[in-house]
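The figures here come from the full heavy-atom set of this structure, side chains too, leaving out hydrogens, waters and symmetry mates. Both ligands and their constituent atoms are indexed starting at 1 by order of listing.
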Amino acid sequence: MRIILLGPPGAGKGTQARILMEKEGIAHISTGDLFRENVKNKTVLGQQVESILKSGKLVPDQITIKMISERLDADDCKNGFILDGFPRNEAQAEALEKMLQEKGIKLDAVVQIEADDEKLVERISGRLTCSGCGEGYHDRFKKPQHTDSCDKCGATGKFTRRADDNEKTVRERLNVYHGQTKAILPFYEGRGMLKTVDGMAPMEDVTAQIEAVLKGGKGGDRPSSPRPGG
Ligand code: AMP
């Protein structure tokens with residue numbers, strides 16, 4: 001299975017991608033995670049992108065496209081992959097299409113996770129992650145059972161918050177999504193690949209919706225923009 005997960009920041013792309021990765025045994029490729037890893041390890045790339053990530057703006061296409069092209073050649077992508085956070089504008093979508101053609105890879109679907117902006121600001125501002133295993137938590141909606149230890153892996157003192165998960169940067173990330181990333185929805189709609197799910201539903205329901213649209217089940221082919229009068 002080779003799919004793209006699209007959606008605004010905080011819609012649950014990362015959470016759903018990790019669930020799919022475990023169920024399907026395919027690679028989870030998150031451009032945001034790759035950049036953050038480079039920042040953490042203070043690589044040349046990390047130094048180039050650190051301030052851009054903090055601002056909520058996009059890293060230049062040339063850097064991002066090269067990173068993805070190399071990542072797709074890794075062995076763990078042979079059985080399939082989930083792209084999370086890429087492509088994010090029209091130039092990246094076009095570059096991806098060309099790159100996949102050259103590599104002889106066919107995409108199965110593009111899943112758009114829809115969500116409400118104000119709820120997303122609330123969701124993202126309270127996020128924390130266990131740096132031991134990657135499990136996600138939230139100050140209000142998903143507190144760990146014990147304040148400082150991870151329910152999943154038991155690590156203590158490992159919770160971290162992303163530098164860009166503050167209200168100001170979240171609003172900039174949402175602006176970038178509405179101004180640039182949404183413009184690629186018609187690109188995939190025109191190719192008959194776009195499926196839409198409701199990201200405001202409980203996490204398990206979103207997973208079920210994604211599984212249904214990937215199997216070609218009900219509800220996935222709604223237009224990406226609202227119909228007149230509704
Ligand atoms: P994310 O973890 O997907 O929310 O991404 C975090 C940040 O990484 C974004 O706000 C951008 O600064 C950068 N980033 C991630 N993916 C891309 C991309 N496809 N193109 C450009 N910048 C990106």
Side-chain angles (χ1 to χ4, degrees), residues 3-18 20-21 27-72 77 81-100 107 110-115 117 119-131 134-138 160-185 187-188 199:
I3 62 168
I4 296 175
L5 282 186
L6 280 179
K13 299 185 299 295
T15 304
Q16 297 299 334
R18 275 187 286 280
L20 274 175
M21 171 184 79
H28 169 204
I29 306 178
S30 154
T31 36
D33 283 352
L34 291 171
F35 287 134
R36 280 185 290 279
E37 194 64 27
N38 276 278
V39 170
K40 194 171 133 204
N41 295 333
K42 299 191 187 326
T43 65
V44 175
L45 173 64
Q47 285 164 11
Q48 274 176 310
V49 303
E50 185 169 10
S51 63
I52 305 176
L53 262 65
K54 277 207 181 113
S55 74
K57 298 196 186 314
L58 293 185
V59 171
D61 290 339
Q62 209 192 349
I63 296 178
T64 311
I65 291 164
K66 179 168 179 279
M67 180 176 79
I68 280 289
S69 178
E70 288 169 4
R71 181 66 186 84
L72 284 171
C77 295
F81 54 79
I82 308 146
L83 283 176
D84 158 13
F86 183 92
R88 250 172 158 103
N89 60 26
E90 284 173 291
Q92 292 183 10
E94 280 159 16
L96 177 66
E97 187 166 72
K98 188 163 166 261
M99 177 194 308
L100 293 178
L107 270 184
V110 177
V111 180
Q112 177 202 10
I113 307 182
E114 279 186 330
D117 277 12
K119 296 259 167 49
L120 290 177
V121 173
E122 189 181 47
R123 244 193 213 180
I124 298 184
S125 306
R127 286 202 301 201
L128 54 158
T129 305
C130 170
S131 54
E135 184 71 357
Y137 295 92
H138 193 280
T160 56
R161 289 177 198 270
R162 280 171 49 169
D164 57 351
D165 275 356
N166 57 73
E167 180 166 350
K168 183 166 173 275
T169 311
V170 171
R171 293 208 182 271
E172 177 58 27
R173 288 157 65 199
L174 283 167
N175 283 341
V176 169
Y177 179 75
H178 290 293
Q180 300 186 50
T181 310
K182 265 169 81 173
I184 64 181
L185 296 173
F187 180 93
Y188 291 114

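- Taking atom 11 (C) of ligand 1 as the reference point, the nearest protein heavy-atom neighbour is K57 O, 3.3 Å.
- Annotation: the span from D164 atom CG to N166 atom CG amounts to 7.5 Å, rounded to 0.5 Å.
- For atom 17 (C) of ligand 1, the nearest non-hydrogen atom of the protein is R88 CD, 3.5 Å.
- Regarding atom 4 (O) of ligand 1, its nearest protein heavy-atom neighbour is R162 NH2, 3.1 Å.
- Contacts between V59 and ligand 1 below 4.0 angstrom, taking non-hydrogen atoms only, involve backbone and side chain alike.
- By the 3.5 Å distance cut-off applied to N or O atoms, D84 is not counted among the residues near ligand 1.
- Across Y188 and I4, no two heavy atoms sit closer than the pair OH-CD1, 3.5 Å.
- Distances shorter than 4.0 angstrom do not occur between any heavy atom of K13 and any atom of ligand 1.
- Taking atom 20 (N) of ligand 1 as the reference point, the nearest protein heavy-atom neighbour is Q92 NE2, 2.9 Å.
- Using a 4.0 Å cut-off between charged nitrogen and carboxylate oxygen, E94 and K98 do not count as a salt-bridge pair.
- Ranking protein heavy atoms by distance to atom 7 (C) of ligand 1, first place goes to L53 CG, 3.8 Å.
- The existence of a salt bridge linking K168 and E172 is excluded, since no basic side-chain nitrogen approaches an acidic carboxylate oxygen closer than 4.0 Å.
- The closest side-chain donor-acceptor pair between H178 and D117 falls under 3.5 angstrom.
- Looking at ligand 1, you won't find any N or O of L58 less than 3.5 Å from one of its N or O atoms.
- The nearest heavy-atom contact from the protein to atom 16 (N) of ligand 1 is T31 OG1, 2.7 Å.
- Side chain of K54 to backbone of A163: no donor-acceptor contact under 3.5 angstrom is found.
- Note on R173 versus D165: salt bridge recorded, some NZ/NE/NH1/NH2 to OD/OE distance being below 4.0 Å.
- At under 3.5 Å, not a single nitrogen or oxygen of F35, backbone or side chain, sits near a nitrogen or oxygen of ligand 1.
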